[in-house]
2 protein chains.
Amino acid sequence: MIYPSKLIEDAVNEVSKLPGIGKKTAFRLVLHLLKEQSTATESLSSALLSLRKNITYCKECHNIADDHLCNICNNPRRDPSILCIVEDTRDVMAIENTHQYNGIYHVLGGIISPLQGIGPSDLKIDALTRRIPGSTIKEVILALSPTMEGDTTAFYITKKIKDFNVKISTISRGIPVGGELEYTDEITLGRSITARTTYEH
Amino acid sequence: MIYPSKLIEDAVNEVSKLPGIGKKTAFRLVLHLLKEQSTATESLSSALLSLRKNITYCKECHNIADDHLCNICNNPRRDPSILCIVEDTRDVMAIENTHQYNGIYHVLGGIISPLQGIGPSDLKIDALTRRIPGSTIKEVILALSPTMEGDTTAFYITKKIKDFNVKISTISRGIPVGGELEYTDEITLGRSITARTTYEH
């Protein structure tokens, strides 16, 4: 596309680096900012810059936090004997929204992905192996996405922590609630049979 | 949604002010910037700020330009007797992409929309009425979207320029090329019949 101005082109290129935003959407967003008062662009920029500069992470679980401890690690009502390992903050929020979990978290900050050049040393796995020994943690739940990367990460972590005296579990895979059995892929359906739940009666 | 940090919340609020970006997408974009190097956020911000600060508009057609005249107004090969009136830069680019038009443009910078509080004085309509008299312009093409706002704007402009000695035309409405006749709405189909094109033979 030939843009009417170099400034527009630079801005479009920068905005379209964001995930899920193509050149066309980026151009629309850039034109929107041009139509708005310049204060709109200024407050957007300053919010992003201030976020990037001042963000802090919980020193216990490595979740994003305003203080040196996050609200969850800081909450005496949470059960410190169960530790849930997740990829990032969004997963913490998703699990918190279920209101089914009262333990604490460990945020890896990503997932092992050779394609994207992310190895174990880029994640908070060493921090995890330092965190467990001598702690109150009795169970570690691996709550990673059931993808190739998620499974690789889970396998790696399991190997690293299997000698600690903790139970290791993973969130169950199966047919989503509301899903249709006949449209479920074979792997999921197979797992949902082998990992079937016994009715308690 | 409860965000893990006030800084995140502020950034999400700012990003979700952009059109078509909801809170969830905004949160994803913000987390992406946190994962990237801080230079990514800095170059994004500076591109947007520099755009907003240094952008200039062509003094003839009011299109976005790097100089005081845009590439089209500055091009001696363009036909200065035909003037195409469009809403914004994107429409200029769309028409340029057709390679069917060799005249010049007039960019209104918006469209009359009482709902959004945009009146004629917010647009470059006065500039248009000053531009036509004494110029080489012989025909004015109204290339506005066939919506309520577009039609209102076209009607207003027609009233303003009808006393100048110029031919006024509008882009044709009809069935899009590749469209199915039976699925076309009544108004479009009706217009495509009344404004039918005679075969030249």
Side-chain angles (χ1 to χ4, degrees), chain A residues 1-8 10-15 17-21 24-25 27-38 40-58 63-67 70-72 88-90 92-93 96-97 107 109-110, chain B residues 1-8 10-15 17-21 24-25 27-38 40-58 63-67 70-72 88-90 92-93 96-97 107 109-110:
Chain A
M1 219 186 306
I2 300 159
Y3 297 99
S5 148
K6 181 80 176 62
L7 289 164
I8 294 266
D10 290 347
V12 167
N13 284 340
E14 283 298 331
V15 174
K17 281 181 192 162
L18 294 171
I21 296 195
K24 217 160 181 175
T25 306
F27 189 36
R28 196 164 51 84
L29 297 180
V30 162
L31 287 182
H32 168 84
L33 288 176
L34 275 181
K35 263 195 194 170
E36 295 288 302
Q37 297 292 316
S38 62
T41 310
E42 284 153 18
S43 51
L44 172 66
S45 292
S46 77
L48 293 180
L49 288 172
S50 146
L51 167 75
R52 200 62 188 76
K53 205 175 146 201
N54 302 319
I55 195 76
T56 50
Y57 293 88
C58 173
N63 193 5
I64 294 163
D66 271 333
D67 217 331
C70 73
N71 292 334
I72 295 170
D88 67 15
T89 300
R90 272 178 297 176
V92 172
M93 290 170 71
E96 286 297 291
N97 278 336
V107 180
Chain B
M1 220 188 303
I2 300 159
Y3 296 99
S5 148
K6 180 81 176 59
L7 289 164
I8 294 267
D10 290 347
V12 168
N13 284 339
E14 283 299 330
V15 175
K17 280 181 193 163
L18 294 170
I21 297 196
K24 218 160 180 175
T25 305
F27 189 36
R28 195 164 51 83
L29 298 179
V30 161
L31 288 182
H32 169 83
L33 287 177
L34 275 181
K35 264 195 193 168
E36 294 289 302
Q37 298 292 319
S38 63
T41 310
E42 282 153 19
S43 51
L44 172 65
S45 292
S46 77
L48 293 179
L49 287 172
S50 145
L51 167 76
R52 200 63 189 77
K53 206 175 146 201
N54 302 320
I55 193 78
T56 51
Y57 294 88
C58 174
N63 193 4
I64 293 162
D66 270 334
D67 216 331
C70 73
N71 292 335
I72 295 171
D88 67 16
T89 299
R90 271 178 298 175
V92 173
M93 290 170 70
E96 286 298 292
N97 277 337
V107 180

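Just so you know, these numbers use all the heavy atoms, side chains as well, and skip hydrogens, waters and symmetry mates. Every chain is numbered from 1, with letters handed out A, B, ... down the list of sequences. Remember, predicted model here, so these are calculated numbers, not experimental data.
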Region of [X] that comes under 4.5 Å of a non-hydrogen atom in chain A:
{"X": "Leu31(B)", "result": "side chain"}
{"X": "Ile21(B)", "result": "side chain"}
{"X": "Thr89(B)", "result": "side chain"}
{"X": "Asn97(B)", "result": "neither"}

Residue pair [X] / [Y], side-chain heavy-atom distance below 4.5 Å:
{"X": "Leu33(A)", "Y": "Leu51(B)", "value": "no"}
{"X": "Leu29(B)", "Y": "Pro19(A)", "value": "yes"}
{"X": "Ser38(A)", "Y": "Lys53(B)", "value": "no"}
{"X": "Leu34(A)", "Y": "Tyr57(B)", "value": "yes"}

Using 0.5 Å steps for rounding, measure from the [atom1] atom of [X] to the [atom2] atom of [Y].
{"X": "Leu18(B)", "Y": "Glu36(A)", "atom1": "CG", "atom2": "CD", "value": "9.0 Å"}
{"X": "Leu44(A)", "Y": "Leu49(B)", "atom1": "CG", "atom2": "CG", "value": "8.5 Å"}
{"X": "Phe27(B)", "Y": "Met93(A)", "atom1": "CZ", "atom2": "CE", "value": "4.0 Å"}

- Using side-chain contact (heavy atoms from CB on, under 4.5 Å) as the criterion, point out the one residue from Asn54(A), Leu48(A), Thr56(A) that pairs with Leu7(B).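 Looking at Asn54(A), Leu48(A), Thr56(A), the match for Leu7(B) under the side-chain contact (heavy atoms from CB on, under 4.5 Å) is Asn54(A).
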- Task: Would you sort out whether Asp88(A) and Lys35(B) count as a side-chain contact (heavy atoms from CB on, under 4.5 Å), showing the intermediate values?
- Result: CA-CA 10 Å; Asp88(A) 67 15; Lys35(B) 264 195 193 168; 4.3 Å; yes
- Return the minimal non-hydrogen interatomic distance between Ala47(B) and Glu14(A), and the atom names on each side. CB-CG, 3.7 Å
- Task: Identify the two heavy atoms, one from Pro4(B) and one from Ile64(A), that lie closest to each other, and give their separation to 0.1 Å.
- Result: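 So the minimum-distance heavy-atom pair works out to CB-O, 3.4 Å.
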- Message: Are more than 12 heavy atoms, taken from residues, nucleotides or ligands other than Asn13(B), located less than 6.0 Å from that residue's CG atom?
- Response: yes
- Should Ile8(A) and Ile55(B) be marked as a side-chain contact (heavy atoms from CB on, under 4.5 Å) after you check the CA-CA gap, both sets of side-chain angles, and the distance that decides it? CA-CA 8 Å; Ile8(A) 294 266; Ile55(B) 193 78; 4.1 Å; yes
- Any sub-3.5 Å donor-acceptor pair from Asp66(B)'s side-chain atoms to Lys6(A)'s backbone N or O? yes
- Message: Heavy-atom pairs under 4.5 Å with chain A: which of Glu42(B), Lys17(B), Arg90(B) has the most?
- Response: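 Looking at each of Glu42(B), Lys17(B), Arg90(B) in turn, Arg90(B) comes out on top.
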- Contact leader toward chain B among Ala65(A), Ala11(A), Ser43(A), where contacts are heavy-atom pairs under 4.5 Å: Ser43(A)
